[in-house]
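Shown next, in structure tokens, is the structure this report addresses.
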Amino acid sequence: MTTLVHGSDTLTRDALTVLQPGFVGTTAPDWLLRRIGEGLSSVGLFGRNIVTPEQLTALTAQLRAERDDVLVAIDEEGGDVTRLEVKQGSSFPGNYALGSVDDVELTRAVARELGRRLAQCGVDLNWAPSADVNSNAENPVIGVRSFGPDPDLVARHTVAYVDGLQGVGVAACTKHFPGHGDTNVDSHDALPRIDVDLATLHARELVPFRAAVAAGTKAVMSAHILLSALDPHRPATLSPQILTGLLRQELGFEGLIVTDGMEMQAVSATYGIERGSVLAIAAGADAICVGGGLCDEDTVLRLRDALVNAVRTGELPEERLADAAARVRALAAWTQAHRARGAGSVPGAAVQEGTAPGADIGLVAARRALRVTRGERPYTPVTGTPYVASFTPVANFAVGDETPWGIAAELERLLPGTETGSYDESSADSALADAGERRVVAVVRDLHRHPWMIRALDALLEARPDTVVVEMGLNEAEPRGALHIATHGAARVCGRAAAEAVVGTGA
């Protein structure tokens with residue numbers, strides 16, 4: 001048994017301090033408030049916790065009534081991954097759209113406005129941006145969440161995004177270290193493996209993270225991926241060589257290391273969440289993210305007790321747990337200081353689109369991100385009531401299936417009477433029958449990754465060559481259709497920009 005330097009109360013508080021759990025509901029449950037009083041220092045918010053900006057502001061105020069320095073975190077990337085606007089679709093395009101424009105000042109402005117809205121609602125840690133280099137176009141989980149396939153482009157936009165968020169007092173958490181872009185497996189489902197040499201990793205995956213560290217990102221999130229050249233045995237989240245050796249010692253990062261969700265199968269299926277959490281803290285992580293799936297008091301108590309027991313048995317050095325807790329408290333102090341400086345503003349104010357200068361920056365960015373390719377025949381803008389045929393792939397877990405996507409709602413606003421249907425792995429016959437004589441707008445997402453979608457679209461275009469095609473995922477397939485519109489993402493504002501182009505009022 002290890003002789004404890006601190007009392008059990010201190011040890012328990014430290015164990016609670018390093019957890020970033022979620023919960024169910026739009027108000028904080030009693031158990032969560034009680035654990036905050038006992039030392040829990042962070043809370044993670046998801047779409048299930050948010051209805052309106054006003055409700056979110058009341059929720060964060062409720063949490064801070066227990067302790068003013070609690071960190072309130074959220075997974076708000078904008079674009080396809082939104083929690084603030086989970087039921088409506090984001091007011092901001094995602095990273096792929098911003099990378100396609102390649103204007104770092106635009107990226108900084110988007111991140112600053114997004115950060116301002118988060119700060120106004122009392123959120124002060126954002127698990128974003130994604131600094132992954134999307135070098136594998138077949139990647140099922142990163143895709144449009146990445147700024148693109150070029151390391152230098154990703155690096156400069158990651159830096160701009162970090163600057164934008166942190167400039168308004170919201171801590172950035174750059175992810176998914178050391179890079180999730182070259183995978184064809186979703187770590188929510190299984191353990192991805194990257195088998196490239198060290199030279200490739202340093203020239204590609206690590207470039208944006210080095211830049212983010214140099215730019216002062218307050219946090220970095222680890223990835224549940226196995227990089228054999230760095231550690232052939234354990235995923236990055238559990239690897240001392242990667243978290244301590246590479247990130248801390250080689251890259252010189254002194255901020256908070258946060259794990260990706262510990263209930264993800266890449267870790268939980270092999271190690272379980274309790275042992276996985278102990279190994280992660282021992283490896284150099286400072287905060288355990290859990291709550292996307294497991295979001296109850298029992299989960300928090302299981303992880304707390306696992307950490308305490310690991311210290312008592314000598315598996316986890318007490319000093320390592322104390323250091324992790326100290327890093328959490330240091331970030332909480334930084335965010336608390338920023339909130340204090342902005343205390344003169346009205347909580348919840350200016351969070352709706354259009355209420356402040358620059359609030360429409362998301363739509364501006366989405367319009368700039370459009371790439372419109374005309375077919376061989378002259379294009380006639382859609383003026384009647386069209387039929388929108390959406391070919392829908394299965395959403396990955398990070399994006400989820402709650403958030404609407406497409407352009408039908410925006411076309412309906414411009415062309416009342418627009419109707420829509422959703423089609424999966426079936427032929428185009430149903431879409432053609434449903435469309436009747438109406439002009440067809442076909443909406444696809446990552447067309448290049450889905451052979452069934454390619455077949456359906458080709459059949460539709462053969463029958464109706466005047467069809468407009470809107471690609472809302474990675475723009476890898478050859479343009480086709482009377483008009484091809486690449487939005488570089490499926491955010492609500494991307495749909496609006498595409499609808500404008502369809503009717504001839506936009507790009």
Side-chain angles (χ1 to χ4, degrees), residues 77-81 89-90 92-103 106-107 110 134-140 142-150 153-154 157 362-377 379 381-382 386 388-393 395 399 404-411 414 439-450 453-454 456-458 460-461 465-507:
E77 299 177 14
D80 289 28
V81 181
S90 182
F92 304 93
N95 287 0
Y96 184 47
L98 296 172
S100 72
V101 178
D102 196 14
D103 178 345
L106 179 67
T107 296
V110 166
N134 198 56
S135 54
N136 186 345
E138 297 299 317
N139 194 315
I142 301 301
V144 297
R145 301 167 66 198
S146 166
F147 289 110
D150 177 72
L153 178 144
V154 175
H157 287 277
L363 180 57
V364 170
R367 286 169 173 159
R368 289 184 62 186
L370 284 189
R371 296 293 180 271
V372 179
T373 305
R374 298 181 184 276
E376 295 180 359
R377 301 177 182 178
Y379 174 68
V382 176
V388 178
S390 295
F391 295 94
T392 308
V399 174
W405 69 283
I407 71 167
E410 296 300 332
L411 265 181
L414 298 174
R439 188 85 172 268
V440 178
V441 179
V443 183
V444 296
R445 200 168 178 176
D446 292 342
L447 180 66
H448 69 287
R449 291 185 54 232
H450 303 288
M453 196 183 295
I454 294 173
L457 181 61
D458 285 346
L460 184 62
L461 289 172
D466 63 343
T467 294
V468 177
V469 178
V470 181
E471 168 64 83
M472 303 195 80
L474 287 184
N475 187 32
E476 293 287 326
E478 285 296 317
R480 61 193 77 190
L483 190 73
H484 184 275
I485 303 168
T487 62
H488 300 94
R492 174 171 52 84
V493 286
C494 296
R496 180 172 172 181
E500 292 170 350
V502 169
V503 302
T505 62

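Partners of His157 according to the side chain to side chain donor-acceptor pair (under 3.5 Å) rule, which considers only residues two or more places apart in sequence or in another chain, are Asp102, Thr107.
Under the 4.0 Å criterion applied to side-chain N and carboxylate O atoms, Asp458 and Arg480 are assigned as salt-bridge partners. Using a cutoff of 4.0 Å between basic side-chain nitrogens and carboxylate oxygens, Asp466 and Arg439 are scored as salt-bridged. A salt bridge between Glu77 and Arg145 is present, with a side-chain N of the basic residue lying under 4.0 Å from a carboxylate O of the acidic one.
The nearest pair of heavy atoms linking Ala365 to Val101 is O-CG2, 4.3 Å. Between Gly406 and Val443 the shortest heavy-atom distance is CA-CG1, 4.3 Å. When all heavy atoms of Ala491 and Pro93 are compared, the closest pair comes out as CB-CA, 4.2 Å. Taking all atoms of both residues into account, the shortest heavy-atom contact from Arg371 to Ser100 is NH2-O, 2.8 Å.
At least one donor-acceptor pair closer than 3.5 Å links the side chain of Asp103 to the backbone N or O of Leu106. With Ser90 contributing its side chain and Phe92 its backbone, the two residues share a donor-acceptor pair below 3.5 Å. At least one donor-acceptor pair under 3.5 Å links the side chain of Thr487 to the backbone N or O of Glu471.
Considering Leu483, Ile485, Ile407 in turn, Ile407 is the only one that fulfils the side chain to side chain contact (heavy atoms under 4.5 Å, CB included) rule with Val441.
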message: Checking His484 against Glu478 for the side-chain contact (heavy atoms from CB on, under 4.5 Å) test, could you report, in this order, the C-alpha distance in whole Å, the side-chain angles of both residues, the deciding distance, and whether it holds?
response: CA-CA 9 Å; His484 184 275; Glu478 285 296 317; over 6 Å; no
message: side-chain contact (heavy atoms from CB on, under 4.5 Å) for Val468 and Tyr379? Distances and angles first, verdict last.
response: CA-CA 9 Å; Val468 177; Tyr379 174 68; 3.6 Å; yes
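Annotation: side chain of Asp80 is in contact with side chain of Arg445 (closest heavy-atom distance under 4.5 Å).
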